[in-house]
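For this chain, numbers begin at 1 and follow the sequence in order. Reckoned from all heavy atoms, side chains included, excluding hydrogens, waters and symmetry mates.
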Amino acid sequence: MALPCAAQAQVDPGLWVDLVSDQRNRGLSWSDGEAAAQAYVYLPIKGEFSTSAQVTSLRGSTRHGGADAGIDLVGTYADQKDLFRWHGSVVGHIFAGGQGDLDYIEFQTGAGTTLGPVDVDVLVSYAPEQDAIGGSNFYRQIEASAGIWGTPVVLKAHFGRSSGHVEDRLKAERLRPGGAYNDWGLEAEYALKAVTFTVAYTDTDIDKDAIRFPALAEDHGAAIVAGAHFAF
């Protein structure tokens with residue numbers, strides 16, 4: 001889960017509500033392939049520092065111990081100079097209503113620039129070794145986006161890779177079923193005044209035969225996800 005990119009750059013408080021046909025994160029469903037709702041709150045503190053929070057319905061997610069909701073608490077430093085932007089964040093992932101040790105912390109940093117009509121962003125996330133995720137988790141992603149001239153449509157494409165150290169194979173399968181893997185996706189956004197409609201294709205190269213614990217292995221393949229994002 002991650003807060004909207006818009007929240008990393010704006011100076012005013014913001015609230016977003018999203019409805020999606022499936023909550024996908026790094027190519028994996030976090031809502032067992034079911035529809036989900038999200039709420040985001042963004043609060044600037046001072047200068048380049050801000051806090052934000054996201055609450056996502058997880059529908060009793062098998063991947064997250066039967067949790068009904070996922071909560072992200074985020075502290076961010078973000079800045080921009082000319083066409084170059086960057087940010088660093090500390091993210092606390094909290095899972096409500098689940099069984100077992102589920103919560104973990106993650107550090108994120110990202111940078112981006114504009115190359116003609118295309119925005120390019122690179123994100124790196126690292127969760128150090130924690131019992132809840134059976135070791136460490138290292139994710140890196142590159143994303144490109146561009147608007148279609150004369151229309152309210154934005155096209156996005158991304159490629160990411162998840163890897164990390166394994167201490168407990170069962171718990172590590174929660175974020176990396178079958179081990180290290182790649183994910184990718186294509187997305188189209190159609191923006192109106194207060195709502196943005198999205199449709200995205202997402203997939204991974206996870207080998208189903210390599211997954212040791214099938215209970216944590218659902219909903220990692222190709223999927224089409226639709227969403228509506230409301231700004232207040």
Side-chain angles (χ1 to χ4, degrees), residues 1-26 29-31 33-59 69-87 89 91 108 110-123 141-158 160 184-202 223-232:
M1 295 178 284
L3 287 165
C5 292
Q8 297 170 3
Q10 75 172 58
V11 296
D12 298 321
L15 170 65
W16 297 262
V17 174
D18 294 355
L19 301 175
V20 292
S21 60
D22 184 5
Q23 174 55 41
R24 291 261 163 170
N25 188 36
R26 302 175 187 178
S29 176
W30 280 30
S31 58
E34 302 292 335
Q38 300 173 308
Y40 308 84
V41 177
Y42 170 84
L43 294 173
I45 299 176
K46 184 178 181 182
E48 292 79 19
F49 292 94
S50 65
T51 60
S52 50
Q54 172 184 305
V55 180
T56 304
S57 62
L58 297 183
R59 310 291 298 270
I71 303 166
D72 286 355
L73 303 178
V74 187
T76 298
Y77 175 92
D79 202 358
Q80 180 166 340
K81 183 175 178 60
D82 299 324
L83 296 179
F84 184 71
R85 55 192 175 272
W86 62 92
H87 76 274
S89 300
V91 184
Q108 297 182 348
T113 190
T114 300
L115 303 173
V118 179
D119 286 337
V120 178
D121 289 276
V122 176
L123 173 70
Q141 175 186 282
I142 183 168
E143 179 182 85
S145 62
I148 298 179
W149 185 80
T151 76
V153 177
V154 174
L155 300 179
K156 296 181 178 181
H158 84 268
W184 55 88
L186 299 171
E187 181 176 353
E189 297 183 351
Y190 186 91
L192 300 176
K193 226 173 193 183
V195 60
T196 298
F197 296 100
T198 65
V199 60
Y201 167 82
T202 177
I224 301 294
V225 178
H229 309 270
F230 301 89
F232 298 92

Which heavy atom of [X] sits nearest a heavy atom of [Y], and at what distance?
{"X": "G112", "Y": "D121", "result": "CA-OD1, 3.4 Å"}
{"X": "L58", "Y": "W30", "result": "CD2-O, 3.4 Å"}
{"X": "F230", "Y": "D18", "result": "N-OD1, 4.1 Å"}
{"X": "S57", "Y": "S31", "result": "O-CB, 4.3 Å"}
{"X": "W86", "Y": "K81", "result": "CZ3-N, 3.9 Å"}
{"X": "L192", "Y": "F197", "result": "CD1-CE1, 3.8 Å"}

With no hydrogens and no angle check, do the side chains of Q54 and T56 hold a donor and an acceptor under 3.5 Å apart?
->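 A pair is found: one side chain offers a donor N or O, the other an acceptor, under 3.5 Å apart.
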
Is any side-chain heavy atom of W16 closer than 4.5 Å to a side-chain heavy atom of Q38?
->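 Side-chain contact under 4.5 Å: no.
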
Atom pair [atom1] ([X]) and [atom2] ([Y]), whose distance is rounded to the nearest 0.5 Å:
{"X": "Y40", "Y": "L15", "atom1": "OH", "atom2": "CG", "answer": "11.0 Å"}
{"X": "D22", "Y": "T202", "atom1": "CG", "atom2": "OG1", "answer": "9.0 Å"}
{"X": "H229", "Y": "T198", "atom1": "NE2", "atom2": "OG1", "answer": "3.0 Å"}
{"X": "D79", "Y": "H87", "atom1": "CG", "atom2": "NE2", "answer": "12.5 Å"}
{"X": "Q80", "Y": "T113", "atom1": "CD", "atom2": "OG1", "answer": "8.5 Å"}
{"X": "T114", "Y": "D82", "atom1": "OG1", "atom2": "CG", "answer": "11.0 Å"}

Greater than 12 external heavy atoms within 6.0 Å of Y190's OH |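 Incorrect, the count does not exceed 12.
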
Who are the side-chain contact (heavy atoms from CB on, under 4.5 Å) partners of A226, not counting sequence neighbours?
->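 Partners of A226 under the side-chain contact (heavy atoms from CB on, under 4.5 Å) test: S21.
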
Listed partners of E189 passing salt bridge (charged side-chain N to carboxylate O under 4.0 Å, His left out), at least two apart |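 E189 satisfies salt bridge (charged side-chain N to carboxylate O under 4.0 Å, His left out) with K156 once adjacent residues are dropped.
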
For the side chain of T76 and the backbone of S89, is there at least one donor-acceptor N/O pair under 3.5 Å apart?
->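 No.
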
For R59 and A36, indicate whether the former's side chain and the latter's backbone hold a donor-acceptor pair under 3.5 Å.
->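 The answer is no, because no donor-acceptor pair under 3.5 Å joins these two groups.
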
